[in-house]
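Encoded as structure tokens, here's the structure I'll be asking about.
In what follows, every chain begins at residue 1, and chains take the letters A, B, ... in the order their sequences are listed. All of these numbers come straight from a predicted model, not from anything done at the bench.
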Protein chains: 2
Amino acid sequence: MTVTKQLHPALDEHTAAHVAELFRAFSDTSRVRLLSALSRQETNVGTLAEMIEISESAVSHHLRGLRQMGLVIARRRGKEVFYRIVDKHILTLFEQGVRHVRQE
Amino acid sequence: MTVTKQLHPALDEHTAAHVAELFRAFSDTSRVRLLSALSRQETNVGTLAEMIEISESAVSHHLRGLRQMGLVIARRRGKEVFYRIVDKHILTLFEQGVRHVRQE
DNA sequence: ATAATACATGAGTATCTGTTCAGGCGTTAT
DNA sequence: ATAACGCCTGAACAGATACTCATGTATTAT
């Protein structure tokens with residue numbers, strides 16, 4: 001039985017691009033604050049804007065991106081639109097980053 | 001007795017900025033490929049450049065950033081400089097992102 | 001010493017990103 | 001119907017980012 005040294009190639013460009021895209025969702029201060037809010041509870045746009053102190057428009061733009069990536073989902077109730085994080089794994093990934101930063 | 005609605009604040013700006021910075025390290029296709037290579041084994045700059053098909057200069061620039069963030073560390077052996085990922089938690093975080101992308 | 005190799009660095013540049021602003025759309029109140 | 005409210009959207013712009021190119025710095029070979 002021959003023991004060949006497994007030469008693992010790096011990630012192909014396509015996969016790497018997707019991974020980068022995922023992490024890019026967490027790579028902006030405002031979005032991190034958005035997601036930290038949403039990680040606690042479903043929240044509407046206006047409240048999010050207040051919490052993180054950017055305009056509703058800016059919040060909307062960020063949420064659109066996150067929505068298009070399938071990371072958050074919207075639910076309308078009356079005039080307000082509530083957002084929440086879709087995937088539990090995403091939440092875990094995000095929180096792990098937060099934890100890492102906190103302990104050092 | 002008044003029932004006040006507990007308003008969990010979002011992450012403060014300072015912490016959020018650090019979290020964003022961490023994730024930003026993984027938010028570029030080339031860096032993802034770099035890190036995926038390094039996640040398998042310590043590698044020198046030239047080899048990395050070959051593997052991910054960008055110039056040595058570009059690799060150097062990326063590695064400088066990662067080094068300054070304390071995510072990778074350099075070790076010189078002769079003319080070559082080998083890089084590796086410093087922290088196991090960082091590695092885990094990165095790999096979790098990769099896994100998430102792969103299964104969908 | 002001189003040249004060659006491997007990598008680092010700064011400047012310059014094209015592209016990307018986050019924000020604001022102005023206006024639009026859907027829902028509710030009057 | 002009309003106004004008010006909450007949110008969305010596209011354009012425009014400032015700042016950030018990733019790359020190339022030219023050059024610089026260690027280290028090794030001749």
Checklist entry - When all nucleic acid strands are considered with a 4.0 Å heavy-atom cut-off, which category describes B:H62: base, sugar-phosphate, or nothing? => result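 Result for B:H62 = sugar-phosphate.
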
- Is the shortest heavy-atom distance from the side chain of B:Q41 to the side chain of B:T43 under 4.5 Å?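 When only atoms from C-beta onward are counted, B:T43 and B:Q41 do touch, with a gap below 4.5 Å.
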
Is there side-chain contact between A:R84 and A:R75, with heavy atoms separated by less than 4.5 Å?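 A side-chain contact under 4.5 Å is absent here.
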
Protein-nucleotide distance (B:I54, atom CD1; D:dT17, atom P), rounded to Å:
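Going from B:I54 (CD1) to D:dT17 (P), I get 17 Å.
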
Are side-chain heavy atoms of B:F26 and B:L35 found at a separation under 4.5 Å?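 The answer is yes, as the side chains (C-beta and beyond) meet within the 4.5 Å cut-off.
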
Nucleic acid contacts of residues 66-87 of chain B, taken as heavy-atom distances under 4.0 Å to DNA chain D: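 Of all residues in residues 66-87 of chain B, the ones placing a heavy atom under 4.0 Å from DNA chain D are B:R76, B:G78, B:K79.
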
| request: Inspect the surroundings of NE2 in B:H18 and state if more than 12 heavy atoms from other residues, nucleotides or ligands are less than 6.0 Å away. | output: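 Check fails, neighbour count at 12 or below.
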
#### Entry: Distance in angstrom units between A:H61 NE2 and D:dG10 P, rounded
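Result: 9 Å.
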
Counting C-beta onward and ignoring hydrogens, is there a side-chain heavy-atom pair between B:V81 and B:R76 closer than 4.5 Å?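 B:V81 vs B:R76: side chains touch.
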
Would you call the rings of B:F94 and A:F23 parallel, tilted or perpendicular, where under 30° means parallel and over 60° means perpendicular?
->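 It falls in the parallel class, under 30°.
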
One pair to check against side-chain hydrogen bond (donor to acceptor under 3.5 Å, both in side chains): B:D12 and B:H14. What are the steps and the verdict? CA-CA 6 Å; B:D12 66 287; B:H14 183 256; 4.5 Å; no

Q | Over all atoms of both residues, closest heavy-atom pair of A:R67 and A:A74 | A |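 So the two residues come closest at CD-CB, 4.3 Å.
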
| request: Starting from P on D:dC19, measure out to CD on B:E53 and report it in whole angstrom. | output: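 B:E53 atom CD is separated from D:dC19 atom P by 13 Å.
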
Let me spell it out: for each of B:A58 and A:L63, pick the nucleotide of DNA chain D with the closest heavy atom. Which residue's pick is nearer the 5' end?
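In this pair, the answer is A:L63.
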
Exercise. Could you give the CD-to-P distance, from B:E56 to D:dG24, as a whole number of Å?
Worked result: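 Computing the B:E56:CD to D:dG24:P distance gives 18 Å.
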
task: Figure out the CD/P separation between A:E50 and D:dC7, and round it to whole Å.
output: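 Nearest whole value for this atom pair: 10 Å.
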
Inset, instruction - Would you check if B:V45 and B:E80 make a side-chain contact, meaning some heavy-atom pair closer than 4.5 Å? - result: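 Of all side-chain heavy-atom pairs linking B:E80 with B:V45, none is under 4.5 Å.
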
Next item on the list: Residues of residues 16-31 of chain B with any non-hydrogen atom less than 4.0 angstrom from an atom of DNA chain C: list those, numerically ordered, please.
Entry: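 Within residues 16-31 of chain B, no residue comes under 4.0 Å of DNA chain C.
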
* Asked: Would you say B:S57 reaches D:dT20's phosphate, i.e. side-chain N/O to OP1/OP2 under 4.0 Å?
  ->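 Looking at the OP1 and OP2 atoms of D:dT20, neither is under 4.0 Å from any side-chain N or O of B:S57.
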
For A:A49 and A:V59, work out which heavy atoms get closest and say how close.
->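 For A:A49 and A:V59, the tightest heavy-atom pair comes out as CA-CG2, 3.7 Å.
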
*Considering only heavy atoms of chain A and a distance under 4.0 Å, specify the first and last nucleotide of DNA chain C in 5' to 3' order that meet this criterion.*
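The contacted stretch runs from C:dT17 to C:dT28.
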
Handout entry: Non-hydrogen side-chain atoms of B:L38 and B:Y83 separated by less than 4.5 Å
Key =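 The answer is yes, as the side chains (C-beta and beyond) meet within the 4.5 Å cut-off.
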
